[in-house]
Amino acid sequence: MKTKREDIRNVAIIAHVDHGKTTLVDELLKQSGTFRANQEVQDRVMDSNDIERERGITILSKNTAVHYKDTKINIIDTPGHADFGGEVERVLKMVNGVILVVDAFEGAMPQTKFVLKKALELDLHVIVCINKIDRPEARPTEVIDEVLELLMDLDASDEQLDCPFLYASAKAGHAMLDLNDTPEDMTPLFETILNYIPAPEGDPEAGTQILISTIDYNEYVGRIGVGKVDNGSIAINQEMMLVNEHDSSKTKKVKISKLYEFEGLSKVDVQKAEIGSIVAISGITDIHIGDTLCGDMVNPESIPFQKISEPTISMNFMVNDSPLAGKEGKFVTSRHIRERLMRELNTDVSLRVEDTENADTFKVSGRGELHLSVLIENMRREGYEFAVSKAEVIFHEDERGAKLEPMEIAYIDVPEEFSGTVISKLSERKGELQGMSMASDGSSRLEFSIPARGLIGFRGDFMTSTKGTGIMNTMFDCYGPYKGDISYRKQGSLIAFESGEAVAYGLFSAQDRGLLFIGAGAKVYAGMVIGQNGKAEDIELNVCKTKHLTNTRSSSADEALKLVTPKVLSLEEALEFIDTDELLEVTPSSLRIRKKILDQRQRKRENR
């Protein structure tokens, strides 16, 4: 018989990028007494990864737990970027409700729609929290109308449409049920969670069932499966069956060696866990997301699991074989690179890694450019040196053999003066304008349907065209008919003609041809891209050329050469810039672009 466990609430916090959900979790942790009174706590404490803190985005979903009155509230902080949507889809299976955080000025954004749709499909209860109400330009009443409209568009049930709305400033640490209330603390949000989010229910007498929704990894204990106890109970040293809904061959007997529950920011050892508890289990070597642990050894029954969306974009990761290879990296061989990529699969379910015909090259597929660039940046910081190709989309075929490609919905907010430029540029990339409206601040909101290929390398051009004022958000829509060829880049590359060290005299002659990426003293080699040409074709230049000395003193001999400051490309900019016939060399200290096939004549020169 099913019973409710009233002393627990399981809730996920979902929001678009930078709408303040991690700051909100900070406040819930602080005001629930999780930290000591004199404990020093950094901002956005849940963003524990260096890249998360630098970029201000959540990449990995994380579990935490707070206590309010006599109830334990398990909170899952989820990513807000569509590229990490695979993280969100699966954790929603562990919760009974979601807190939808929406910016009081920006309103409901694409990622809000993507995750909210998943939550509504699972029939989860929704609490809407209008955050940043202390912003001068906040418009909470209009944002509420937008959220209700979004709920109706997503076919929310009457109960879901009747959801509670709260007004909060996560930064100031308060929430209110009414805009006219006096702001104090987060108590209204805690109370709403207790009153509105259903308590988890299950049959404590039935055979144990735990669906693994997240995988963590630790060098000391290996893979750690995280999931909610749906039925029965689980204890240390208990023997169970491991089964999978999509893989009937994967049925094996396992033993629970370590069991943890979440308290604040850490895991604590427990001997036993009951229904509704979110637990972490270690000691099972090949545990995967979507597996079910069953207490019934004779007739184990798996729990249905939502299939994770497939990757839409791929890159080749390969051993760096340029003339400067192996001088800066600590891990440079194909064995090192393969091991690191396979290790990433332990925790990232949206990633795919495949071997290719070439033993030194691996095809890595993900949900978007940002998804793969975060992996590249992590590997780079760990001391890996390798090369990557330009991102390419993954094509499918329909039943009749016609070519299909991934289509994206792009939502763009730009000042009205730039809307014509943006429409023109996206139309060139096979984008189709689906809608256009005016925002309350006078800017234009454009909605485009565009092939994922058309967005590769577009972000930098978009920021330049809108003078840094444009905001672009994209989300995967569907696979649609192939739209035809797209030219990624209109400018050619400036290519080094010979190896050596770039000198001021050579660079001074080269800078009239286009935009340089290197300065004096940079090591170059034949075939390396040193800048962007103003015209469409590639040009070879000798930047190692020194001034020819004579015994005649000219009137201009002592004039200083003035070099323009080179544009040093970031990882994202370099990935956007490279063309299909180029590679990006990634080392812990440098990023270099080069042509895929270095000319034989130049290679001979290198070997001399």
Side-chain angles (χ1 to χ4, degrees), residues 51 313-344 351 353-366 369 371-392 457 493-502 517-518 521-531 538 540 543-544 568-608:
I51 296 178
I313 210 163
S314 69
M315 277 181 188
N316 285 334
F317 282 51
M318 60 198 79
V319 172
N320 183 19
D321 61 352
S322 82
L324 297 178
K327 294 186 178 177
E328 295 169 4
K330 191 173 165 189
F331 307 109
V332 297
T333 65
S334 58
R335 179 177 63 83
H336 286 136
I337 296 166
R338 189 178 192 280
E339 278 176 8
R340 177 63 184 83
L341 291 172
M342 292 304 172
R343 197 162 74 242
E344 190 68 19
L351 199 73
V353 178
E354 302 165 51
D355 291 318
T356 62
E357 292 173 3
N358 185 339
D360 290 343
T361 304
F362 310 98
K363 183 182 177 184
V364 181
S365 309
E369 276 185 294
H371 185 191
L372 295 177
S373 75
V374 166
L375 169 62
I376 293 168
E377 184 62 42
N378 275 324
M379 288 176 66
R380 182 187 182 195
R381 291 180 185 201
E382 291 164 21
Y384 286 84
E385 180 179 320
F386 53 99
V388 295
S389 66
K390 185 166 185 69
E392 293 178 352
S493 298
L494 300 178
I495 303 163
F497 175 69
E498 64 176 43
S499 302
E501 205 170 273
F517 299 153
I518 61 164
K523 287 187 168 62
V524 297
Y525 54 84
M528 178 174 150
V529 175
I530 54 162
D538 293 345
E540 286 192 354
V543 289
C544 305
V568 180
L569 296 179
S570 67
L571 175 61
E572 271 77 21
E573 287 170 334
L575 288 171
E576 283 184 4
F577 177 81
I578 61 172
D579 213 335
T580 45
D581 64 339
E582 293 168 346
L583 295 174
L584 174 64
E585 287 177 43
V586 181
T587 79
S589 52
S590 308
L591 294 169
R592 300 185 192 94
I593 300 169
R594 68 173 172 88
K595 289 292 175 185
K596 265 186 188 173
I597 302 165
L598 299 174
D599 185 80
Q600 293 300 319
R601 177 172 50 84
Q602 292 163 344
R603 284 235 187 230
K604 280 176 192 168
R605 196 182 298 139
E606 298 293 340
N607 295 331
R608 240 182 260 153

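The figures here come from the full heavy-atom set of this structure, side chains too, leaving out hydrogens, waters and symmetry mates.
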Does some side-chain heavy atom of [Y] sit less than 4.5 Å from a side-chain heavy atom of [X]?
X    : Y    : answer
E369 : E576 : yes
L372 : L575 : no
P323 : M528 : no
I530 : F517 : no
L591 : L571 : yes
V529 : L494 : no
V353 : R338 : no
F362 : S334 : yes

Any chance you could measure [X], atom [atom1], to [Y], atom [atom2], to the nearest 0.5 Å?
X    : Y    : atom1 : atom2 : value
M379 : I337 : CE    : CD1   : 6.0 Å
S365 : I313 : OG    : CD1   : 9.5 Å
I593 : I518 : CD1   : CD1   : 11.5 Å
E385 : T587 : CD    : OG1   : 5.5 Å
N316 : T361 : CG    : OG1   : 6.0 Å
T333 : H336 : OG1   : NE2   : 4.5 Å

Is the side chain of [X] donor-acceptor paired with the backbone N or O of [Y] at a distance under 3.5 Å, no angle test?
X    : Y    : answer
K390 : I578 : yes
N358 : D360 : yes
S322 : L324 : yes

Quick one: closest heavy-atom pair of [X] and [Y], and the distance?
X    : Y    : answer
F317 : V364 : CD1-CG2, 3.5 Å
S389 : L583 : CA-CD2, 3.8 Å
A502 : C544 : N-SG, 4.4 Å
S373 : E572 : OG-OE2, 2.8 Å
K363 : T356 : N-CG2, 3.9 Å

Does anything in residues 326-335 form a salt bridge (Lys or Arg N to Asp or Glu O under 4.0 Å)? List the pairs, not counting sequence neighbours. E328-R592, R335-E339
Evaluate the side-chain contact (heavy atoms from CB on, under 4.5 Å) criterion for residues N320 and V586: first the C-alpha distance (whole Å), next the side-chain angles of each, then the deciding distance (0.1 Å), finally the verdict. CA-CA 8 Å; N320 183 19; V586 181; over 6 Å; no
For Y384, enumerate each residue passing the ring pair (Phe, Tyr, Trp, His ring centres under 6.0 Å) test, keeping only those at least two apart in sequence or located in another chain. F331
Decide yes or no on side-chain contact (heavy atoms from CB on, under 4.5 Å) for N378 and R340, but give the supporting numbers first. CA-CA 10 Å; N378 275 324; R340 177 63 184 83; 4.2 Å; yes
